[in-house]
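Report on the structure given below.
Counting starts at 1 for both ligands and their atoms, following the listed order.
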Amino acid sequence: MIDFTSRQVPKADIAHQLDCIEQIHRRNALRPEPPHFYCQTFGCQQNEADTERIAGMLAEMGYVRTQDAAEADVIVVNTCAVREHAEKRVFGIMGQYTHIKETRTDVTICMCGCMVQQEHIAEKIKKSYPRVDIVFGTHMLWRFPELLLRRLNGSKRIFEISGDPKGEIAEGLPVQRDEGCHAWLSIMYGCNNFCTYCIVPYVRGRERSRQPEDIEAELRQLVAEGYKDITLLGQNVNSYGKDLGIGMDFADLLARLDAVPGEYRLRFMTSHPKDASEKLFAAMAGGKHICHQLHLPFQSGSDVILKKMNRGYTKEAYLALIEQARRYMPDLVLSSDIIVGFPGETEEDFQGTLDVVRRGQYDLLYTFLYSRRSGTPAAEMPDDTTAEEKQDRFNRLLQTQEGINQQRQDAYQDKELSVLIDGLSNGKQESEYTHCGRTDGGLLVLVRGEDLHIGDFVDVEIEQTSLRALYGRVIGKGYHG
Ligand code: SAM
Ligand code: SF4
């Protein structure tokens, strides 16, 4: 029997962090005005969720959030390493933030997240960014209060990136969620898949699942606080529970969470095709709160490239899987990730990708040009395709998807959809459509009607469509589950 409790940070260590929060809070309470913090997040939803934890800790310490980095006393930049472009942007922005310290020497500048978890990046910050005070990796996030207190007490610059290679799960620390009716709920951390192009397993460690009762308790709290659109997060949610040894898989977890009463929607990301199952689709179709939305990245439509990527499925197996999902949920909204220009990709391989795009009929695609990540196996693979050729393939992919997108959007004309209003729309052309929201499948709808409020579930009849959004008028109100 696996001792799964060992992966949780001991309660005494959490108590120590809470004590550090309290010490900083007492210090801040003596100031005539509360100090400010500023956070900037790069990358995926997991990073956004991590930033919400950092923001929660800073708020408990007595810092007030600001949208202006120049007035902040603590600046936190949460970084991404998935593509080179994100890393370049981070270094660009760090120049601006460290500049603030020329006039305000007491500002504390922190960098965290996937990018700084890499040794060579930490070294670069050490040498070239002397005004950065604290650098902490993904496994160290829960220790942020202790690191900040040490620096405020006059310690020299802090670099904490090694951590426990298994990674740990910290429960019981505060969270400050972004305003609105949407919330992230992490169900697991890390990744075991080692797709050959991807840096994530190296910087986020091995898969580790939270205990189902902790996840359920957090969901109950979110529902009680009025959150209506809750996304379960994990790099590969379909392998949830494998490390727990309690005989519970992701479909079981979904069914357990779906039983939590309330007016809310539950969605999740990301699913890996090799672990997605009929049991999952049945749980989605049979749920009361579970959205009929699936993000199922296929990356490439060539079996040769899929093998080189170590993805663990073939093109036809993937297509059969989405057919199965649609049999259970004919109204499924489907999206995917694609990488163009993986090392050795030929025109024929790329045609396979276009074929999946045409047959898959996606509502949304996230398309990426392959980015070489040092330390990953793909970085060592021969790559003789020119940058121009890759760009040309990328453009053709976008064109193909654009036509499909328009057709799929047009198919919603005159349909009735349940929409959760989550904001005000802006822009002249949309002036009549004062509010915006999301369908169960996550599609953007601009809405017109009387007496609308953020957080309302409304029934909308679609009057117009565009590539970007659907437009509709409210014909009814209420949550239907
Ligand atoms: N765990 C998720 C999965 O397997 O689908 C996604 C995690 S990753 C942050 C999101 C997407 O980034 C991947 O699906 C992939 O398409 C893309 N990606 C990852 N590494 C990349 C690289 N080296 N170059 C280009 N795109 C990459
Ligand atoms: Fe990266 Fe693959 Fe893990 Fe997704 S499943 S995070 S693409 S290694």
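Here Cys195 has heavy atoms under 4.0 Å from ligand 2 in both its backbone and its side chain. By the criterion of a heavy-atom distance under 4.0 Å, both the backbone and the side chain of Val82 are placed next to ligand 1. With a 4.0 Å heavy-atom cut-off, ligand 1 is reached by no atom of Ile199. At a heavy-atom distance under 4.0 Å, only side-chain atoms of Arg311, from C-beta outward, approach ligand 2. With a heavy-atom cut-off of 4.0 Å, Arg373 touches ligand 1 through its side chain alone. Residue-level proximity to ligand 1 for Arg83 is carried by the side chain, the only part with a heavy atom below 4.0 angstrom. Here Ser371 has heavy atoms under 4.0 Å from ligand 1 in both its backbone and its side chain. Residue-level proximity to ligand 1 for Arg311 is carried by the side chain, the only part with a heavy atom below 4.0 angstrom. Under 4.0 Å from ligand 1, the heavy atoms of Phe368 that appear belong solely to its side chain. The proximity of Pro297 to ligand 2, defined as any non-hydrogen pair under 4.0 Å, does not occur for either the backbone or the side chain.
Each of the following atoms of ligand 2 lies closer than 4.0 Å to a heavy atom of Gln235: 6 (S). Atoms of ligand 2 found under 4.0 Å from any heavy atom of His272 (numbered from 1 in listed order, with element): 5 (S). Close contacts of ligand 2 with Cys191, meaning ligand atoms under 4.0 Å from a residue heavy atom, involve 3 (Fe), 5 (S), 6 (S), 8 (S). Under a 4.0 Å criterion applied to the non-hydrogen atoms of Pro201, ligand 2 contributes the atoms 8 (S). The atoms of ligand 1 that sit less than 4.0 Å from any heavy atom of Tyr370 are 24 (N), 25 (C). Atoms of ligand 1 found under 4.0 Å from any heavy atom of Asp337 (numbered from 1 in listed order, with element): 10 (C), 11 (C), 13 (C), 14 (O), 16 (O).
Of the protein's heavy atoms, Asn193 ND2, 3.4 Å lies nearest to atom 5 (S) of ligand 2. Tyr197 CD1, 3.3 Å is the protein heavy atom nearest to atom 20 (N) of ligand 1. The protein heavy atom nearest to atom 3 (C) of ligand 1 is Thr270 CG2, 3.7 Å. Taking atom 7 (S) of ligand 2 as the reference point, the nearest protein heavy-atom neighbour is Tyr197 OH, 3.4 Å. Protein heavy atom in closest approach to atom 5 (O) of ligand 1: Pro297 CG, 3.0 Å. The protein heavy-atom contact nearest to atom 2 (C) of ligand 1 is Gln235 O, 3.5 Å. When only non-hydrogen protein atoms are considered, atom 16 (O) of ligand 1 lies nearest to Gln299 OE1, 2.7 Å.
Asn78 and Asp50 share no side-chain donor-acceptor pair at under 3.5 Å.
The minimum heavy-atom distance linking Glu278 with Tyr328 is given by the pair OE2-OH, 2.6 Å.
Close to ligand 1: Leu369, with a non-hydrogen atom less than 4.0 angstrom away.
Between Glu323 and Arg359 no salt bridge is recorded (no basic side-chain N to carboxylate O distance below 4.0 Å). Contact check on Asp229 versus Arg438 returns no salt bridge, with no Lys/Arg side-chain nitrogen under 4.0 Å from an Asp/Glu carboxylate oxygen. For Arg151 and Glu160, the salt-bridge test fails: no basic side-chain N is under 4.0 Å from an acidic carboxylate O.
At least one side-chain heavy atom of Gln401 sits under 4.5 Å from a side-chain heavy atom of Ile404.
For Ser271, no nitrogen or oxygen atom sits less than 3.5 Å from a nitrogen or oxygen atom of ligand 1, counting backbone and side chain alike.
Under 2.8 Å from atom 1 (Fe) of ligand 2 lies an N/O/S atom of Cys198, whether from backbone or side chain.
Checked options Thr385, Asp383, Asn395; the residue passing with Lys390 is Asp383 (criterion: side chain to side chain donor-acceptor pair (under 3.5 Å)).
Relative to the ring axis of Phe368, Arg83 places its NZ or CZ within 45° and under 6.0 Å from the centre.
The number of heavy atoms from other shown groups lying within 6.0 Å of CZ (Arg89) does not exceed 12. The number of heavy atoms from other shown groups lying within 6.0 Å of NZ (Lys307) does not exceed 12. A 6.0 Å sphere centred on CD of Glu225 holds more than 12 heavy atoms belonging to other residues, nucleotides or ligands. Applying the 6.0 Å contact sphere to CD of Gln406 captures more than 12 heavy atoms from other residues, nucleotides or ligands. Sparse packing is recorded around OH of Tyr366, with 12 or fewer heavy atoms of other residues, nucleotides or ligands lying under 6.0 Å away.
Within the 3.5 Å criterion, the main-chain N or O of Thr138 finds a donor-acceptor partner in the side chain of Gln117. When atom types are taken as modelled, the side chain of Asn193 and the backbone of Cys195 share no donor-acceptor pair closer than 3.5 angstrom.
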